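First up is the structure itself, then whatever we jot down about it.
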Amino acid sequence: MPEQDASAHDAGAISAPKPFQFRGRLFTAVALRLESAAVDAGFYAALDAQLRQTPQFFLDAPVIVDLEQAGTLDPAVLPGLVAGLRARKLSAFGVQNATPAQQAAAAAAGLVVVPRANDGPLRPEAGPAPARRSSARRAEPAPPEAPAPAPGAQMILTPVRSGQTVVAEHGDLVVVGPVSSGAELIAAGNIHVYGRLRGRAMAGAFGDTAARIFCQSLDAELVAIAGYYRTSETLAAELQKRAVQIFLKDRKLCLEALG
Amino acid sequence: MTTELKQERPVGKIIVITSGKGGVGKTTTSAAIGAGLAKRGHKTVVIDFDVGLRNLDMIMGCERRVVFDFINVIQGEAKLKQALIKDRRLETLCVLPTSQTRDKDALTKEGVEAVLAELREEFDYIICDSPAGIEKGAQLAMYFADEAVVVTNPEVSSVRDSDRVLGLLASKTKRAEEEGAEPIKAQVLLTRYDAQRIAKGEMMTVEDVLEILAVPLLGIIPESPAVLRASNVGVPIVLDAPSNAGSAYEDAVARLMGEDVALRLDPDRRPGLMRRLFGRTA
C-alpha cells in the first residue's frame, strides 16, 4: 500500500492531478461477537444493559458482527439483527466468520464481508495483537500489517500542562518534567515520565500488551496499557508518589515500585 | 538603569496578566503592576482586553474620562492618542480602556497587532489585562506578549486553570509559533494568600502550587482588605496608603524588572512561615 501511495503521488506531480486517491487506512471498529445463535429478547436486554453502562463509548461505533460462535444462526435473522443494532446507534457495517448462507443474507442486509482480522486485546483468547483493524470499504485493500513501532522515541523536555495531549504514534514517549492533572500522554510503545505523573498515561495505545509505563512519582488520574486501565481510585495507595512501573500480566494491570 | 534606557528607544515590552480562572485578581494586578512600573519612571500603558466587561478603568479611577476605547481604535473610528487616558497621579501612566457595549468578536488579531506596534514605539511597558477564560479575548491578550504574569489563588481549580494557561502560552502565542523565538517568560503571582487558612489546610501551600506549575514565583500578595478598599475608590493599591498588599506588589514589580528582592510577608501575623519557606528553598 505505501508503494501505491507513492507512485500515485509521483504520477500526480508530473501530469494533471487525479480527481481521487486510493489511500490505505487503519481504524478501530468494535466486534460484536454473538456467543450463541439465540438473537432474542434476552439478547437485546443484555445488549441494552451493556450500552447503558458506557453509552459514549459505543455511540455510532462502527460494528462488525462476528458469527464465529453462531454458525447455526438462521440467516433470515440477520436483517432484523442489523436493524436492531442500528436502532441502538451501533453502525453495523460488516460481518465476520459467517457461513456462506449467512454471508449472502448479510450482504443482502447491507453488510460487507470482512476477512478475519486480529482481535483487540480485550478478547480473552487473543494473543499479543496489533490494532483491531478491518477494511471498511472493499475498494481499499486491507493494509498488510499494523506498523511496527519505530525505534525512535518522542522526547518532551517541557512540562505537559493541563489540557495538553502528547501522542507518540510510533514507539516510546519520554517526558522530562511534570505531567499535570488534566494532561494526556498516549504512546504506541512505552511511556516514561521523569517527574510527577498527575494526568493520564496510555501506553500500548494500538494494542501492544508488552508496553509499560514508568514514572518517577505516581499521582496519576488514569493509567492504561493496551486498553486495560485503572483510575486513581484503584491505584494502590502505598505506591502513590513513588517511582513505579506499570505493566500487563495475565491481562491484569500490575503496579510495582522501582528501586 | 531606567535613565540609561530612556535615552534610547522605549523598551516596548508587552506583559500579559492572565489566569484562566476569573476573580483571582487579574485586573487588580494589572493596575498595581502598571502603576508600580510607572512609579519607577517607566512609561507604561495598561490595556483592558475584557471587551464588554469594562473594569480596568474603574480600578484605575478613570471611568468617567472614557471617550474613545480600544475597540474604536481597532475599527479605525478613533486615533490611539484620542483613546489613551493619562493618569492624573502619575504622568508616566496611561490606560487604554475597552468597550462596555461590544463583545470580544470586535477584537481582531491584525487590529491588536497594529495597536500594540504603535504602543511599542512610545511606551516602555505595555500591560495587557486579559479576560478570564481561554477564549478569543484571552488568546489575543497573550498572543503578542513577551512576558506573562499568571495570577493564581492558592486553591486547586485556580492552579489547574493557571496550568492550562501556561500550556497555551507555550503553544498558542506568536513567540511559540515563530521558529527560533525565545519562549514567553512566564511567572506566577500568588494572590489572596491567607497564611492562616493555609495553616489550617484550607488552601494550598506555596510549595504545592509551585511544584505543579513549575515556573518561577514573581511574588505573594496577601489577602488584605486594603485591596478591596483601593479598588472601590479607584486607586491602584501601590498608590494608596501603605499596606502589606501594596508593598508585596511593589516587590513583585521590582522582581519583574530583574531585581533580586527577598519574599516578605507581614511578620507578626505569620511567624515561622518565612523560615519554613526559605528552609525549603535553600
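All of these numbers come straight from a predicted model, not from anything done at the bench.
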Query raised in the report: Got a sec: does the CD of Glu177(B) have more than 12 other heavy atoms crowding it under 6.0 Å?
Result: yes

Query raised in the report: For chain B, which residues from residues 234-244 of chain A lie under 4.5 Å away (heavy-atom distances)?
Result: none

Query raised in the report: In terms of heavy-atom contacts, does NZ of Lys136(B) have more than 12 from other residues, nucleotides or ligands at under 6.0 Å?
Result: yes

Report task. Please round to the nearest 0.5 Å and tell me the distance separating atom CZ of Arg161(A) and atom CD1 of Ile212(B). Result -> 10.5 Å

Query raised in the report: Are more than 12 heavy atoms from other residues, nucleotides or ligands located less than 6.0 Å from atom CD of Glu169(A)?
Result: no

Report summary line: Taken to the nearest 0.5 Å, the spacing of Leu166(B) CG from Gln164(A) CD works out to 9.5 Å

Query raised in the report: Residue by residue, which of residues 176-184 of chain A have a heavy atom closer than 4.5 Å to a heavy atom belonging to chain B?
Result: Pro178(A), Ser180(A), Ser181(A), Gly182(A)

**Report entry** Winner by heavy-atom pair count (cut-off under 4.5 Å) against chain A, out of Val159(B), Ile134(B), Leu213(B), Val165(B)
**Finding:** Leu213(B)

Report summary line: Within residues 190-203 of chain A, contacts to chain B at heavy-atom distances under 4.5 Å involve Arg196(A), Arg198(A)

Requested in this report: May I ask you to list the residues in residues 24-33 of chain B that approach chain A closer than 4.5 angstrom, counting heavy atoms only, ordered by number?
Outcome: none

